[in-house]
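To start, the structure itself, in structure tokens.
We name chains A, B, ... by the order of the sequence lines, and we start the count at 1 in each one. Model, not experiment: these values are computed from the prediction.
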Amino acid sequence: MPQASDPIANYLEHFSKFEKEISGESEIRKFRQDAVEEFKSFGFPTNKNEEWRFTNPSQISKIHFNHQLQKQISGEVKKQIDELAIKKFAQNRLVFVNGIFSNESSNTQFSPAIKISPVSETLHQSPESVIEIVKRPMIEGRNFFTSLNTAFMRNGAFISIPDNTTITDPIYLIFIASDDTTPFVMHPRNIISLGRNSEASIVEHYIGVSKNVYFTNVVSNIILNQGAKLEHTKIQTESVNAIHIGSTYFHQFESSKLHQNTIMIGGAIGRNNLISTLNSKNIECTFNGLSLSEGEQLLDNHTTIDHVMPNCESHELYKAILNGKSRGVFNGKIFVRKDAQKTDAKQTNRTLLLSDEATMDTKPQLEIFADDVKCTHGATIGYLDADAIFYLRSRGISENAARDMLTHAFANDIIGRISAEPVREYLNKIVHDKLNQRR
Amino acid sequence: MLEIKNLHASINGNKILNGINLSVRAGEIHAIMGPNGSGKSTLAHVLAGREVYNVTDGEILYNGKNLIEMPPEERAREGIFLAFQYPVEIPGVSNTYFLKAALNAIRKHQNLEPMDAVEFLSYIKKKMKLVEIDRDLLNRPVNEGFSGGEKKRNEIFQMAVLEPKLAILDETDSGLDIDALRIVADGVNKLRKPDNAAIVVTHYQRLLNYIVPDVVHVLWDGRIVKSGGKELALKLEDQGYDWVKDDTKNK
Ligand SMILES: Nc1ncnc2c1ncn2[C@@H]1O[C@H](COP(=O)(O)OP(=O)(O)O)[C@@H](O)[C@H]1O
Ligand SMILES: [Mg+2]
């Protein structure tokens, strides 16, 4: 067996080429170099690291990924976007093809007060506005992949919504991987901030059509200022050989409301880290998640809700449907810091196994340092209800249809909680197709 | 229509049915009575095709076809309907969605076009009147959070929609107040046709005041130990089951 090349050396080599390309960004240069030092000192994680106990990242370290990506977008890709993306959002979207912003496929119709642009542009015009958000402390955030992303951060969406502004149409971010020439890596970075009392809905959609192995290493930083309301939905439909590692860091301020939905369907390995820090009082934070896996897929959700201040509520409901030999992980951390009295936190994890060979690891982790709090958690793992299947069959419904009906109902419990109707419609179709294609 | 011969069935190795013989012709209503645990629900489930019960001996012919070989959905499409003693709650699946899927599966089997949403809605409206069921219940998930009475009424509503040939009602009257009982019985009677038949499992003679049976059977320890006319039900109501047991022992 050939000796695997040192993965860090590989990334360092790419970084020195990358630095030459981005010569204009002097202010952020130091920032990037610090990030390089950071990922060097972390080293590529292995499953000896508690955070990676179930998902072994060392297999990722063995792949030599290319950073050079084609800039041309073909007619073929345009067709694929039309076919695979949520059509109803075509008017307000930023599209990134193989990690690079595609001006011609993107479209925004918001007033100029609302700033929506590719990060590459913001880094040029006002790097300080990027740095200001990115440099915030990220609990759970000091990890190899986030630092790696920071070093290479260039593509992704920069969104800044001023105070007292309500946007009703969702902002749609599409990341499509279509290159098949060589294994490649992208490091999208989304930087989003909602002003005081603003309201918005943002959908991040990761679409894969590449048949090759590729690696999406995405990070999003999202700030909800006082009184802001956000529905944020992440849809991961990467292709079968993809590796998707993503971290989303929310910072919430007084009386803000976050409704986060994470839908994971694609990828050979999908790892999603979701972190919200509740920095002041009266905050609501809702995390809903659904993963759907089959074959030998591994879908891993790590969530953290950090209650720092009093009188905040968090609700978390994660569901997984596992088929084939797929594996699932749910690790839900809740911190209640000593000042966070009157915290109300609820966490639920439900798993539906469609096959005997699928496995799920679920681990709640509650660390409570305040005394006047309400914290509950619960987890169930089970098969479809045999009584319910018989009941449906006794009415003439075939066994397969009965199973699908019950499975879809299980999934719909999450999909039904998403406010944006076109997202619900899209996901219902995806889930339906996924269940049908099994046979 | 239905011919049960020497039926033996067990669950988890426990023998529950010990040689049942029963013959039901089109147009007839048969009542099955018997003490708790005598095997009434087991018989009903075996007829509907519940796989957890093992048929160890005997045969069941339904319109000449071997029922034991048929999967439950096939039986339903051939016209068998079981109103469950304990209807199952199905979170997340709406009553109307479920019923439309069921009806269209049965129609497909009969080589009929599926009903579209509009046709289906006007069709079930008529059926709703028949069993006086609340519209709210139809939009809710199947049986979820329904009261005992609502669940039973929902069973009869499904029966009205699916129009079975052989209906098996397993203690549909238990837990119903007298008004609800009348409505359910009315529903059953209105659905009667010369080519249909019903097996009504009950503990109480009062249901049989409304649904008048042609034959009454007493099931005891997995066997039919006595059969008679509707007056048998009255005698059971009056004297309990002990005399039947004594009768059998003396035989
Ligand atoms: N799953 C089961 N496992 C073991 N025994 C069962 C099971 N289900 C029913 N039985 C037994 O079978 C017998 C008949 O039950 P059932 O048919 O429900 O009676 P009935 O409806 O007449 O009250 C009872 O003794 C009951 O305990
Ligand atoms: Mg019973």
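Here NZ of B:K108 is found 9.0 Å from OG of A:S398. Values are rounded to the nearest 0.5 Å. To the nearest 0.5 Å, the span separating OG on A:S394 from CG on B:L47 amounts to 12.5 Å. The line from CG of A:L392 to CD1 of B:I90 is 4.0 Å long, rounded to the nearest 0.5 Å. If you take CD on B:E89 and OH on A:Y391, they are separated by 10.0 Å, rounding to the nearest 0.5 Å. Within the model, atoms CZ of B:F98 and CD1 of A:I397 stand 5.5 Å from one another, a figure rounded to the nearest 0.5 Å. Rounded to the nearest 0.5 angstrom, B:L103 CG and A:R395 CZ are separated by 13.0 Å.
For a residue to count as touching a neighbouring chain, one of its non-hydrogen atoms must lie under 4.5 Å from one of that chain's; by this rule B:R75 does not touch chain A. Using a 4.5 Å cut-off between heavy atoms, B:N143 contacts chain A through its side chain alone, with no backbone atom that close. For a residue to count as touching a neighbouring chain, one of its non-hydrogen atoms must lie under 4.5 Å from one of that chain's; by this rule B:E78 does not touch chain A. Contact annotation for B:P164: neither backbone nor side-chain heavy atoms come within less than 4.5 Å of a heavy atom of chain A. Contact of B:V52 with chain A is not made at all, since no heavy-atom distance falls under 4.5 Å. Contact annotation for A:A402: neither backbone nor side-chain heavy atoms come within less than 4.5 Å of a heavy atom of chain B.
Across every non-hydrogen atom of B:A105 and A:G396, the tightest pair is CB-O, 3.2 Å.
Applying the side chain to side chain contact (heavy atoms under 4.5 Å, CB included) rule to A:S201 yields the partners A:P170, A:E231; only residues at least two apart in sequence or on another chain are considered.
Across B:P72, B:G92, B:P71, the residue that shares the most heavy-atom pairs under 4.5 angstrom with chain A is B:P72.
Here the side chains of A:R393 and B:E51 are in contact, with some heavy-atom distance below 4.5 Å.
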